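What follows is one structure encoded as structure tokens, with my remarks underneath.
Model, not experiment: these values are computed from the prediction.
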Amino acid sequence: MLDIELIRKDPERAKRALSKKDPSLEDLIEQILELDKDRRALVSQSQELRAKRNSLSKIASNDLSAREQVLALKSELEKLESELSKLEPRLRKLLLSVPNVPASSVPYGKSEEDNLELRRYKEPPRFDFEPKPHWEIGVSLGIFDFERASKVSGSRFVYLTGLGARLERALINFMLDLNIQKGYKEVLPPHLVKPEILEGTGQLPKFEEELYSCERDNLYLIPTAEVPLTALYMDETLDEKDLPIALTAYTPCYRREAGSYGKDIRGLIRQHQFSKVEIVKITTPETSYEELENITKDAESILQALEIPYRVVALSTGDLGFSSAKTYDIELWLPSQGRYREVSSCSNCEDFQARRLRIKIKNHKTRFAHTLNGSALAVGRTLCAILENFQQKDGSVIIPKALQPYFGLERLS
RNA sequence: GGCGAGGUGCCGGAGUGGUCGAACGGGGCGGUCUCGAAAAUCGCUGUGGGUCUUUGUGGCUCACCGGGGGUUCGAAUCCCUCCCUCGCCGCCA
């Protein structure tokens, strides 16, 4: 959530910044300004009445006429208050649907076409045979079972079996251990959260269709561990000397993938449920951009340890997520697709989420924290990359050295 | 799921209709004392909003004692409802 104070003070600047993300947002700002004006007028009026009422009440114990005056004030007040109670949720909802403003260092652009490649690690491998897509490798190795998954749960689900399940588990442990070594505190968070939490991190109110909900209990399945990790310190004021707070968690992620019907229908790339190891940092405004570089490097170091080719791109203004002020995506190489695919997204949300979640920090003065999050890493896609990049002519797959202690075998065959 | 107890400021804990933004204690911050520290002692110490502004760690004002609603001239205090925490019983990985 943006600070309404800033919108009020310099609406044109807010519009200019937001229209880099989405030009249609200018109207939204206009509406917000309008409602905010109305709201303040109503608040002032009702406050005046209340002040009058309070002073009359003080003498009312032995003054019957004061009592009558108060009754008159009361009906006026009720009118104002009912107007306010209609207006305030509307204003709030509008404000909650305004995305974060891009940082000035974010490259301008309309879509992912305009993302800026920053660096690459390792050449894509060359094969002296036709490399297979991961789903073919996995099925023939007997470690993926898509058919039975669709019988049981429908499309975009998979059973990992035998060494497939073990490989996934090895990756999770490997990633968590690396993160822990770097100072992240391991957390195992709840996988079901309240709507207000998703509102806090920015998934709601705009992206309801993306979420699985348990209506009876008014809870949602998390689409990423970012949600419960970032919300861990909701409604708290943290001491600045305890910053940065660095958290890591493995969780499954649940996404409905509405609106991506045709995309990535085969394989593990786009599933309704996937494993991810996430990192989150809570910092001061002064250090958050430095920390964005840090979490990106931390995520990259996992791919380096696994020897998987990747590149890092800076998202353009038009491709930035709702809550993010600046994002680096890490994309790994998939030989069967001949292109890079996202495996991590590292974002600085500045105080956008902290304001929604009321996470404050304090040394002399109190202010909102900055929050960052990054995947380190998406496990399923990493698993795909291992199968595809390290596949052999005979259909076996070499396991990267660093992972072997976790997996227990040098080769998958 | 059933019954019982309870939710008050940074913490503990009073307060059962007006003078309560809230006693008292602890903590924190500042002063005195001290070579210094401790002890003692004095003072200060919530958040959010509106408005004014000679923009000052400013004035005035409103709201907030788990959330929402109600009674009343007036609610932390009474009533309804929801949520949460703790205890016991039941069920259960």
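Residues A:Glu388 and A:His134 have side chains that bring a donor and an acceptor to within less than 3.5 angstrom of each other. Residues A:Tyr212 and A:Gln273 bring no donor and acceptor atom of their side chains to less than 3.5 Å of each other. No side-chain donor from either of A:Ser111 and A:Asp319 sits under 3.5 Å from a side-chain acceptor of the other. A:Thr371 and A:Gln353 share a side-chain donor-acceptor pair at under 3.5 Å.
Taking the side chain of A:Ser44 as heavy atoms from C-beta on, and the options B:rG50, B:rU61, B:rG74, the nearest nucleotide is B:rG50. With distances taken from any side-chain atom of A:Ser57 to the nucleotides B:rG50, B:rG18, B:rA63, the minimum falls on B:rG18. When each of B:rG48, B:rC73, B:rG50 is scored by its nearest atom to the side-chain atoms of A:Lys360, the top-ranked nucleotide is B:rG48. For A:Lys74, whose side chain is taken as the heavy atoms from C-beta onward, the closest listed nucleotide among B:rG48, B:rG50, B:rU72 is B:rU72. Across B:rG50, B:rC73, B:rC62, the shortest atom-to-atom separation from the side chain of A:Leu71 is found for B:rC73.
When Watson-Crick and G-U wobble pairs are counted only if both distances are under 3.5 Å, B:rC84 pairs with B:rG6. Under the Watson-Crick or G-U wobble criterion, with both distances below 3.5 Å, B:rC65 is left unpaired in every strand shown. Base pairing annotation: B:rA76 forms no Watson-Crick or G-U wobble pair, as no partner gives both donor-acceptor distances under 3.5 Å. Base pairing of B:rG12 is made with B:rC24, judged by Watson-Crick or G-U wobble geometry with both donor-acceptor distances under 3.5 Å. Remark: B:rC33 base-pairs with no nucleotide; criterion is Watson-Crick or G-U wobble with both hydrogen-bond distances under 3.5 Å.
One interatomic measurement links the two molecules: CG of A:Leu42 to P of B:rU51, which rounds to 12 Å at whole-angstrom precision.
With C1' as the reference atom, B:rU53 and B:rG59 are 8 Å apart, rounded to whole Å. A distance of about 28 Å separates the P atoms of B:rG69 and B:rG12, rounded to the whole Å. Taking atom C1' in both B:rG4 and B:rA14, one finds a spacing of 24 Å when rounded to whole Å.
Looking at A:Asp114 and A:Lys110, no side-chain N of the basic residue comes within less than 4.0 Å of a carboxylate O on the acidic one, giving no salt bridge.
Residue A:Arg358 is out of contact with every strand shown, counting any heavy-atom pair closer than 4.0 Å. Among the heavy atoms of the strands, none lies under 4.0 Å from A:Arg355.
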